[in-house]
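A quick write-up on the structure given underneath.
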Amino acid sequence: MKNILVVGGAGYIGSHTCKTLMKNGYRVIIFDNLSTGFKELAKYGEFVFGDLNDSESIKTVFEAFDIDTVIHFAASAYVGESVENPKKYYMNNVVNTLNLLNAMLQYDVKKIVFSSTCAVFGDPKFLPMDERHPKSPINPYGRTKLMIEQILEDYDKAYGLKSIVLRYFNAAGSDEDCELAEMHDPEPHLIPIIFEVIEGKREFLEVYGDDYSTKDGTCIRDYIHVEDLADAHLKALEYLNRDLVSDDFNLGTGTGVSILELIEAVESLSKKRVPYRFEDPRKGDPSVLIADSKKAKAVLKWEAKKSDIIEILKSVIEYKKRRWSAE
């Protein structure tokens, strides 16, 4: 049984990936400082509290477990915050990743699956966006992730550390067992915020921008079910173990949904109104982001199976219903 170190495994996508890994026979070690993750999500694996800014705590994990491969989720990941506080992003994302990579080299662990983002591309030059799309990030978050991708290339050439880079578009949804869900405090993501409005936790939804060059003036995003993302990590891990090559993949559905379309879909499914108010556009927000995932389908034999937006929203509603009935 191979030991997989999942850094940031108490977070949203990380926890779903841990569940998928364990279901497929891997031993999972979760390393997380719980700054944005939740201990209750770290139920699929052996939890180790630690921080990537503490090199000694990282070494402790490598000494305690015979790690085969690392999956790296841990990062600060909010576009708006990265514009307001870039120092935090360069420290948490770039410096802390270097601490992790250097520990891997010290303990002769030469395989990593890295959680990247479509934000490395910046404003789209063409749609859908494949792996060859020019990388010109327009916010510090995207720049830090691109820097790490470049570091991984250099570490492969110099030290033989092999990496699979997975660039997500917009993760959403809950697992089919309704055990795991998207949890942040405060919540920055659109779909959970819409449900906070429905639940009365917010008076209205703030929609940033109504004059983008899109069909209804609001941003368009490619929403991918979190269980599809977890499956992509499993397939990336298997590919890395089998072929021992570095590679990169964009992960999405190839279909874009606008904010107003999303609101309409939630209202239709929930039978509840979602009041909203337009605000000024946020700095660093591209108007449209849609993935081309043909390479992942061809090489990883992966494709999004659950990522119709209605199916995604139904999974969130089902999770919410179970939570409400338990309270």
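The residues of the chain are indexed from 1 along the displayed sequence.
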Do D156 and S246 have a side chain donor and acceptor closer than 3.5 Å? yes
Does the Lys NZ or Arg CZ of K295 fall within the cation-pi geometry relative to F249 - under 6.0 Å from the ring centre and within 45° of the axis? yes
Nearest atoms (heavy-atom pairs only) where Y107 meets E63: OH-OE2, 2.7 Å
Would you name the heavy atoms of K235 and L300 that are closest together and state the gap between them? CD-O, 3.4 Å
With S307 as reference, evaluate T255, D228, T253 under the side chain to side chain donor-acceptor pair (under 3.5 Å) test and give the passing residue. D228
Closest approach of A103 to I58 (non-hydrogen atoms, all atoms of both residues): CB-CG2, 3.6 Å
Tested for salt bridge (Lys or Arg N to Asp or Glu O under 4.0 Å) against E176, the lone hit among K306, K19, K314 is K306
What's the shortest heavy-atom distance between T218 and G209, and which atoms? CG2-O, 3.8 Å
Taking the basic N atoms (NZ, or NE/NH1/NH2) and the acidic carboxylate oxygens, is any pair closer than 4.0 Å for E196 and R202? yes
What one should report as the nearest heavy-atom pair of F195 and V266 is CZ-CG1, 4.3 Å
Could you give all pairs that pass the side chain to side chain donor-acceptor pair (under 3.5 Å) test and reach residues 115-124, with sequence neighbours left out? S115-Y168, S116-E149
Under the side chain to side chain donor-acceptor pair (under 3.5 Å) test, residues paired with Y90 that sit two or more places apart: none
Exercise: do T97 and H72 side chains pair donor with acceptor under 3.5 Å: yes
For Y155 and E153, what are the C-alpha separation, side-chain angles and deciding distance, and is it a side chain to side chain donor-acceptor pair (under 3.5 Å)? CA-CA 6 Å; Y155 271 52; E153 288 182 21; over 6 Å; no
So if I apply the side-chain contact (heavy atoms from CB on, under 4.5 Å) rule between Y78 and each of K88, E84, H189, which one comes out positive? H189
Side-chain donor-acceptor pair under 3.5 Å between E81 and Y89, yes or no? yes
Could you tell me whether the side chains of N241 and K111 share a donor-acceptor contact shorter than 3.5 Å? yes
Starting from the C-alpha separation in whole Å, work towards a yes-or-no answer on side chain to side chain contact (heavy atoms under 4.5 Å, CB included) for F65 and R27. CA-CA 10 Å; F65 302 93; R27 183 187 183 194; 3.5 Å; yes
Is there a donor-acceptor pair under 3.5 Å between the side chain of N139 and the backbone N or O of G142? yes
Check this for me: does any side-chain nitrogen of one of K320 and E199 sit under 4.0 Å from a carboxylate oxygen of the other? yes
Residues H16 and E227: side-chain donor-acceptor under 3.5 angstrom: no
Sequence neighbours left out, what passes side chain to side chain donor-acceptor pair (under 3.5 Å) with K215? Give chain and number order. E261
Steps toward side chain to side chain donor-acceptor pair (under 3.5 Å) verdict (N250, S293): CA-CA 5 Å; N250 292 358; S293 299; over 6 Å; no
